[in-house]
Amino acid sequence: MFVMSFSDSYDPKKFEPKWQAYWEEHRSFQVREEAGKPKFYLLEMFPYPSGRIHMGHVRNYTIGDVLARFLKMRGYNVLHPMGWDAFGMPAENAAIKNKTHPAAWTKENIKTMQGQLRRLGFSYDWDREVATCDPEYYRWEQKIFIEMFHKGLAYKKKSLVNWCPSCQTVLANEQVEGGACWRCDSLVEQKPLEQWFLKITDYAEELLQETYNLKGWPDRVLTMQREWIGKSVGAEVVFKVEGSGEEIVVFTTRPDTLYGVTFLSLAAEHPLIDGLVKDEAKRAELEALRERVRKIDRDKRVADAYEKEGVALGVNVIHPLTGAKVPLFAANFVLMEYGTGAVMAVPAHDQRDYDFAKKYALPVQVVIEPKEGAKKPLDQAFVDPGVMVQSAQFDGMGSEEAKQAIVKFLEQQKHGKAKVTFKLRDWGISRQRYWGAPIPIVYCETCGAVPEKVENLPVRLPLDVEFTGEGGSPLGKIAFFVNAPCPKCGEPARRETDTMDTFMESSWYFFRYLSPKDNEEPFSRLSSDYWMPVDQYIGGIEHAVLHLLYSRFFTKILRDLGYTGVSEPFKNLLTQGMVIKDGAKMSKSKGNVVDPEYLIDKYGADTARLFCLFAAPPEKDLDWNDAGVEGSSRFLVRVWRLLTELFPLYRRRMGANTAPKPALSILRGVHTKLHQTIKKVTDDIQQDFHFNTAISAIMELVNKVAEVPRADWEGEEGAALLSQTLESLVLLLSPFVPHFCEEAWRNLGYDGSLLDFPWPSFDPEATQADLVTVVVQVNGKLRGKIDLPPQATEDEVKHFVDTDEKIKAHLEGKSVVKTIFVPGKLLNLVVK
RNA sequence: GCGAGAGUGGCGGAAUUGGCAGACGCACUAGAUUCAGGUUCUAGCGAUCGCAAGGUCGUGGGGGUUCAAGUCCCCCCUCUCGCACCA
């Protein structure tokens, strides 16, 4: 039924589609829970269906595919799903521009991109495919939202929010980068709006603590998350305003400096200011300050670029411990969003306060001195720990120790308390856009905001909508959507017209893959208990604090709602580098895009895959190089030709994993190299994903095999080794270039797929070469080399040295004072 | 400014515990095959001195430890990324 032959030249077009169809028909990558096998959940970040696959996708998914295939051959039950992050703004923009519908546009793109992924031969279980715009997907998100609402984890609040004027919608804090929109780079404005929020701050401490247990994540991602969460331990201190009942609460991380407070600074927008300042001239001055602060916001704040300035409010506050009167200022460097929007100023021990005090000639009161004695005069703030001075009963205490002591004292005196502050804010998830999952809430005159009944879910996004491109969500204009009965009292009410942030969908899609067709619940607990957590997650670094933080948060929510037993979704994370060409990230605007489909057409999918893997290790940026692609293609042609040439000598399964070490020296070399290569490829794949070195090791093996004269393969020993070598070679290459290897495997005479064969194994003893090069150095400089058995002794190497004229020349007239011998490596003679 | 990472031929990149720097590939050069080009094959390919044998230098710069440093320590420079007045 098949021909044992390598008669044809390498022509990927002829067999790549055939093998894709084979895997499909045989459901080669379909998996289910199996008790007998170790499980491995391998996940790559699912794409936004923008229209076409780009090189970044090819790289990301090829990296994942190598692992998936490798692990499958090593006996793991590998879950490797794929889906679509299908809601989002580009669909809406395209709809307006091209007079189409976001749903149609998205569906079309998914179809195209799915075809492209298939053409690359990725090993997905397509039966688990998920598209987040499917009502059967977002239905469960709505249910989870409602459960969060009931637990007080989803709530509505009016506040200043980030508004992108170009996207015409609100952005979460995580989605503002340097004051600009993460998607379109427009400058973000602040706008007061009523919005739905998720209480991620309830999980701030756990999200932070767990970062210390995520051993399989890159440090830099964990650091970014920790900084984003931004925990500060300190205290709140209450200052009474002189001549008024008002109190001002400040947050400080330096309670040890409390006796050094010489004034107080409020944020320009602090709500107490208006009540405290009656003077018209002062009010005008304040207004000018606020205007400048707003402008700074717009121009992106750069710490050093703006001088500290402020307005004296003409009001004093009372120091809670000393009773001293200290003046109150509004200052441009105090942020309303952080802490309490009010700061106690200690110029001696905080550089900002010091700068401010110098400018306005305010007193500087030292309360901590360095252990080695005070430096006078102070020309900048002293911010290090030291010894307490001028601090009443705390004098002489170490400042670190005094932090706690002073907080304790404040608590006793009821002037303050210990306090922990986070930079992390609650996650605003309302979006004033159409193409997203509806927020399942109905507003009723009498009952207020009421969640939709769970049995009525999904709240479907209406598809019959006009796209005009004019501001605002079109949902508000659709009467049959907006008008809904109150789920509680049944009276006519109005539906929420905002949709959910699309990061909601991507925060739990990896759970939905576990039972994607479940119509009882979001996903089954059983499948989650079997598959979760994701063993290896692969994707771009750009989601370090967005998607990856939200997903961690959602997982904890799902745990607390009883859906899963895991607290962290991703055990190991690999962040792959970008694809660079001509010094810049590939992008349409730069005009340096290479279309993957063009590559497949020209060279075949295997070449495209091979180049992505060979050009750089996964975590580094990949520098695109058209000539390099040629090289990868050439390598495959070369291997194919080698197989074709050697095929007549090949005898199937003759020494498949047992070929003994031959007597002939050149074959012994191949035998050693083969075992070394199996070891190296295996280690490189599973230890650090360094596929580039794995591939170069295979290239070396191929070079070695090609050097052997044909006649040397002909005896029994040679044939056994040839059998093992060729079969191992094909199996070792198969995770990287699967179509090539399946076809080669078949040509070698096998029916079916090589996926059913085990990964080659090696004999550690056989990796040891007969001879190793021992280096001879004189005074650390290389003077000679000799090939000797690895166990050669120092005396044997010295004996060689005595017979080598070149080395002897360097020893002429000198005496050896010391020798260093590293067996199998080198001999270093130190002479005088 | 703070934090993290990186700096190795013309290029992408390799180098267990410190032990032959430059694996593998690309580009390039010469030759062979073909002869229209391409493909393929052989050889060369860090710099420098030398006819050669061979020598000297060489992993951003400077110092140090060591028999031996790309690798360890100290100082400096450059680049990339992240954070950016967070009290």
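What you see is a predicted model, and the numbers here were worked out from it, not measured in a lab. Numbers restart at 1 for each chain; the letters A, B, ... are given by sequence-line order, proteins then strands.
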Using a 4.0 Å heavy-atom cut-off, does [X] contact any base of the nucleic acid, only the sugar-phosphate backbone, or nothing at all?
X	value
A:Gly631	sugar-phosphate
A:Arg783	sugar-phosphate
A:Thr773	base
A:Asp219	nothing
A:Arg425	nothing

Please state how far atom [atom1] in [X] lies from atom [atom2] in [N], giving the value in whole angstrom units.
X	N	atom1	atom2	result
A:His690	B:A23	NE2	P	19 Å
A:Lys231	B:A87	NZ	C1'	17 Å
A:Leu782	B:G22	CG	P	10 Å
A:Gln777	B:G18	CD	C1'	12 Å
A:Glu309	B:C85	CD	P	16 Å
A:Glu619	B:A6	CD	P	10 Å
A:Lys814	B:C67	NZ	P	18 Å
A:Gln676	B:A23	CD	P	17 Å

[atom1] gap between [N] and [M], integer Å:
N	M	atom1	result
B:U80	B:G19	P	32 Å
B:A53	B:U65	P	37 Å
B:G5	B:C75	P	16 Å
B:A47	B:G58	C1'	7 Å

Under 3.5 Å, is there a donor-acceptor pair between the A:Thr819 and A:Glu794 side chains? yes
Looking just at side-chain N and O atoms, do A:Asn703 and A:Glu707 make a donor-acceptor pair shorter than 3.5 Å? no
Any [X] side-chain N or O less than 4.0 Å from OP1/OP2 of [N]:
X	N	value
A:Arg220	B:A6	no
A:Lys679	B:U16	no
A:Asn692	B:A14	yes
A:Lys785	B:C20	no
A:Arg634	B:C26	yes
A:Thr223	B:C83	no
A:Asn703	B:G25	yes
A:His810	B:G55	yes
A:Lys620	B:A6	no

My understanding is that a pair needs two contacts under 3.5 Å, Watson-Crick or G-U wobble. By that rule, which nucleotide pairs with [N]?
N	answer
B:U78	B:A6
B:C24	B:G12
B:A53	none
B:U66	none
B:A32	B:U40
B:G18	none
B:C45	none
B:G1	B:C83

When you match A:Lys680 and A:Met699 each to their closest nucleotide on RNA chain B, which lands nearer the 5' end? A:Lys680
Between A:Thr340 and A:Asp623, which has a closest nucleotide on RNA chain B that is more 5'? A:Asp623
Ionic contact status for A:Lys13 with A:Asp11, cut-off 4.0 Å: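 No, no charged N to carboxylate O under 4.0 Å.
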Answer yes or no: is there an ion pair linking A:Lys673 with A:Glu700, defined by an N-O contact shorter than 4.0 Å? yes
Under the side chain to side chain donor-acceptor pair (under 3.5 Å) criterion, do A:Glu796 and A:Thr793 qualify, and how do the steps go? CA-CA 5 Å; A:Glu796 284 168 312; A:Thr793 62; 3.2 Å; yes
Is the glycosidic torsion of B:G82 within 90° of 0, making it syn, or is it anti?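 Anti, since the glycosidic angle lies more than 90° from 0.
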Are A:Phe356 and A:Phe263 close enough that their ring centres sit under 6.0 Å apart? yes
Within the modelled atom types, does a donor on one side and an acceptor on the other bring the side chain of A:Lys825 and the base of B:C20 under 3.5 Å apart?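 Under the 3.5 Å cut-off, the side chain and the base do not form any donor-acceptor pair.
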If you count the non-hydrogen atoms of other residues, nucleotides and ligands that lie under 6.0 Å from NZ in A:Lys808, is the total more than 12?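 Buried by this count: over 12 neighbours within 6.0 Å.
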Distance-minimising heavy-atom pair for A:Glu236 and A:Thr340: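 The answer is OE2-CG2, 3.7 Å.
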